[in-house]
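Okay, so here's the structure we're looking at.
Since the model is a prediction, treat every value here as computed from it, not as a measurement. Below, chains carry the letters A, B, ... as their sequence lines are ordered, and counting in each starts from 1. The figures that follow rest on heavy atoms only: side chains count, while hydrogens, waters and symmetry mates do not.
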Amino acid sequence: SLSDKLQNVFQKLRSRGGLTEQEVNDALREVRLVLLEADVNYKVVKDFVGRVKERAIGEDILKGLNPAQQVIKIVNEELVGLLGGEQAKLKVSDRPPTVMMVAGLHGAGKTTNVAKLALMYKKQGKRPLLVAGDVYRPAAIMQLRTLGEQIGVDVFDIGDKQDAVAVAGAAMHHARSNGNDFVLIDVAGRLHIDEEMMSELKRLRSSIDVTEVLLVVDAMTGQDAVNVAQQFNEALEIDGVIMTKMDGDARGGAALSIKAVTGKPIKLIGTSEKMDGLEPFYPDRMASRILG
Amino acid sequence: LTGRRPVDDELFDELEELLIQADLSIHTSTKLVDSLREAARRERLKESDEIKDRLKTLLVQILAEGDGHGIELPTERPAVYLFVGVNGVGKTTTIAKLAYRFKKSGMRVILSAADTFRAAAIDQLEIWANRVGVEIIKHQHGADPGAVVFDSIQAALARKADVVLVDTAGRLHNKTNLMEELKKVGRIVQKALGRDPDEVILVLDATTGQNAVTQAREFMNVVPLTGIALSKIDGTAKGGIVVTIKDELGLPIKLAGSGEQLDDLDDFRPQDFVEALFG
Ligand SMILES: Nc1nc2c(ncn2[C@@H]2O[C@H](COP(=O)(O)OP(=O)(O)OP(=O)(O)O)[C@@H](O)[C@H]2O)c(=O)[nH]1
Ligand SMILES: Nc1nc2c(ncn2[C@@H]2O[C@H](COP(=O)(O)OP(=O)(O)OP(=O)(O)O)[C@@H](O)[C@H]2O)c(=O)[nH]1
Ligand SMILES: [Mg+2]
Ligand SMILES: [Mg+2]
């Protein structure tokens, strides 16, 4: 663990006071390695370690009694602070319905997790409507229909011969006449470098009044997380992130990279394939997971 | 990293940074850069281009070394290929692409819809079967995947099919019960065929970071993996973790998926891959 590694670095210290520059750098090197192993982006790690160093030196802790514990404390505080400090809530429109849209790379978990969101709102006594906006992937509409049936939430679709913006427009009419207060839109997976598909997302966002855009990201995403998050954020101005497959054992450093680079909070995590596998994101738990 | 520059620590640091940002593990990245430093010292390499080329050579060597790189059908028929991996990586789509390749070369292909769990998984594979023009063996949603596989192999034997491509449900490798289920599917293939599956392909998403190594290790523990299909290389992620996997586990990378359509599948080419790392 990072704690053991830092204890190793500092253990020769116990018999004398104060740290050498070398020992500070050795400690920071361990922090850097832990974060890189956890898939935190290289540049984000560099900035982060720089901040830790500033605080470590600034707080003069390195002359203190247990420098390892004090460095860990700083690392943890910085990490939790960067990850969002406290829980970030989903937006609610002051002019119903609240419209939420998921977006993200192929296979990230959009369809599965937008259905989980629908169940969450249903359990809160709301009247959610799922919208099958993926008109490309084979059986995508069928997939959302099946999940909708499982959880007892209506799924709106007009087939896969119409484009996504037409689907969304028709869905809004349906929602208004049907009294749905939450409209949750599933869309196709796409690459952030696919101009045509990114423009579809922009058109979706502008054609209907979307309250919340959630970027769906796989917890096992590596260094590329920053590129993806940056591009989706620039195109759409995302409101938050759902990090999926957190029931795996990926450390999830992408969460730190994404927050650091976009400033947008992780709001929810996917913790199973089942429809009840959606939980709030807790920065302190994520910090521990990233540090291993 | 372009143009001529001195062979110094800054160059080596930047090369290490490039590797790490490509998702090679720290261990692999450091090891490779250390060999470069050693080579530079020993051979008195003075040109930064020489260093870069040496690194490319080292990477290609790791990736190209050993056997098992192609997708070649065995002499026994039907050949049975199992596709495994965590959720959402591209197993079903990769199978569709490989079915298309085999069908074009005149083979009789059967798709085995052994993902009986995920919503509309069977529907998805069936649409692909229809588009490619190949047969599909499926049971109802919720059926035992082993029974589907057994049935598929029996059908392939009866119809003298050339190859059976088995789609399995995505599963996280830390879920013991799901890994046990996969082990059982592997055993059923053995019993039905009288030998191991001819290929057991781990599909890895190119956007995956260090967790891909754990995925490879854990899947290797339950089924006899023969290689990797690296999907979604048409994105911006480099997929460099396959270098670490090849180096540490010896698993060859056989295929690369570069899009969502049937013809977006190629044999993995180490040279092209390494060029793209530096691209
Ligand atoms: N274990 C686990 N699996 C998940 C989670 N979220 C989604 N999945 C699985 O991940 C796979 C992909 O999920 P989808 O919902 O189809 O992903 P998608 O983003 O809609 O995919 P595309 O529409 O093709 O872009 C499926 O097998 C899901 O069951 C999660 O939190 N945990
Ligand atoms: N851009 C791109 N997308 C791909 C590639 N391979 C698969 N996909 C997409 O990735 C998504 C998931 O593909 P699937 O084939 O359903 O993945 P899977 O592993 O079978 O997923 P589960 O069965 O849910 O575990 C789909 O949207 C595919 O179109 C690829 O090489 N490039
Ligand atoms: Mg989907
Ligand atoms: Mg599948």
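Here the side chains of B:K31 and B:D247 are in contact, with some heavy-atom distance below 4.5 Å. With contacts defined as side-chain heavy-atom distances shorter than 4.5 Å, the pair A:L117/A:M120 qualifies.
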I would like to know whether B:T214 and B:R217 meet side-chain contact (heavy atoms from CB on, under 4.5 Å); could you show each step before the answer? CA-CA 5 Å; B:T214 315; B:R217 278 213 180 88; 5.5 Å; no

Go through it in stages, so that I can follow the logic: the residues are A:D186 and A:L130, the test is side-chain contact (heavy atoms from CB on, under 4.5 Å), and I'd like the CA-CA distance, side-chain angles, deciding distance and then a yes or no. CA-CA 7 Å; A:D186 186 26; A:L130 281 165; over 6 Å; no

Just do the side-chain contact (heavy atoms from CB on, under 4.5 Å) check on A:I269 and A:Y282 with the steps written out, would you? CA-CA 9 Å; A:I269 58 171; A:Y282 295 108; over 6 Å; no

Begin from the C-alpha positions of A:V40 and A:I290 and carry the test side-chain contact (heavy atoms from CB on, under 4.5 Å) through to its verdict. CA-CA 8 Å; A:V40 183; A:I290 288 176; 4.1 Å; yes

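Ring-plane geometry between A:H192 and A:F232 is classed as tilted, the angle between the planes lying from 30 to 60 degrees on a 0 to 90 degree scale.
Counting heavy-atom pairs under 4.5 Å between each of A:D247, A:D218, A:L33 and chain B puts A:D247 at the top. If you tally non-hydrogen atom pairs under 4.5 Å between each of A:A38, A:A140, A:P138, A:A225 and chain B, the highest count goes to A:P138. Interface check for chain B: of the options A:V228, A:D249, A:T221, A:T111, the most heavy-atom pairs under 4.5 Å are formed by A:D249. Between chain B and the residues A:M142, A:Q231, A:H106, the largest count of heavy-atom pairs under 4.5 Å involves A:H106. Residue with the most contacts toward chain B among A:K43, A:E37, A:Q143, A:R251: A:Q143 (heavy-atom pairs, distance under 4.5 Å).
Residues of residues 138-145 of chain B never come within less than 4.5 angstrom of chain A, heavy atom to heavy atom.
Taking the charged nitrogens against the carboxylate oxygens, A:R190 and B:D234 have no contact shorter than 4.0 Å, which rules out a salt bridge. Taking the charged nitrogens against the carboxylate oxygens, B:K175 and A:E273 have no contact shorter than 4.0 Å, which rules out a salt bridge.
For A:I193, the part lying near chain B is the side chain, with the backbone staying farther off; criterion is any non-hydrogen pair under 4.5 Å. Residue contact with chain A, scored on non-hydrogen atoms closer than 4.5 Å, is absent for B:H27. Within the 4.5 angstrom heavy-atom criterion, only side-chain atoms of B:E16, from C-beta onward, approach chain A. Within the 4.5 angstrom heavy-atom criterion, atoms from both the backbone and the side chain of B:T208 approach chain A. With a 4.5 Å cut-off on non-hydrogen atoms, B:E126 does not touch chain A at all. When heavy atoms are compared at a cutoff of 4.5 Å, B:I20 approaches chain A by way of both its backbone and its side chain. Neither the backbone nor the side chain of B:K238 comes within less than 4.5 Å of any heavy atom in chain A. Neither the backbone nor the side chain of A:R145 comes within less than 4.5 Å of any heavy atom in chain B.
Atom CD of A:Q150 has more than 12 heavy atoms from other residues, nucleotides or ligands within 6.0 Å. With a 6.0 Å radius and a threshold of 12 heavy atoms from other residues, nucleotides or ligands, A:R29 has its CZ atom at or below the threshold.
Here the side chain of A:K116 pairs a donor or acceptor atom with the backbone of A:S272 at under 3.5 angstrom.
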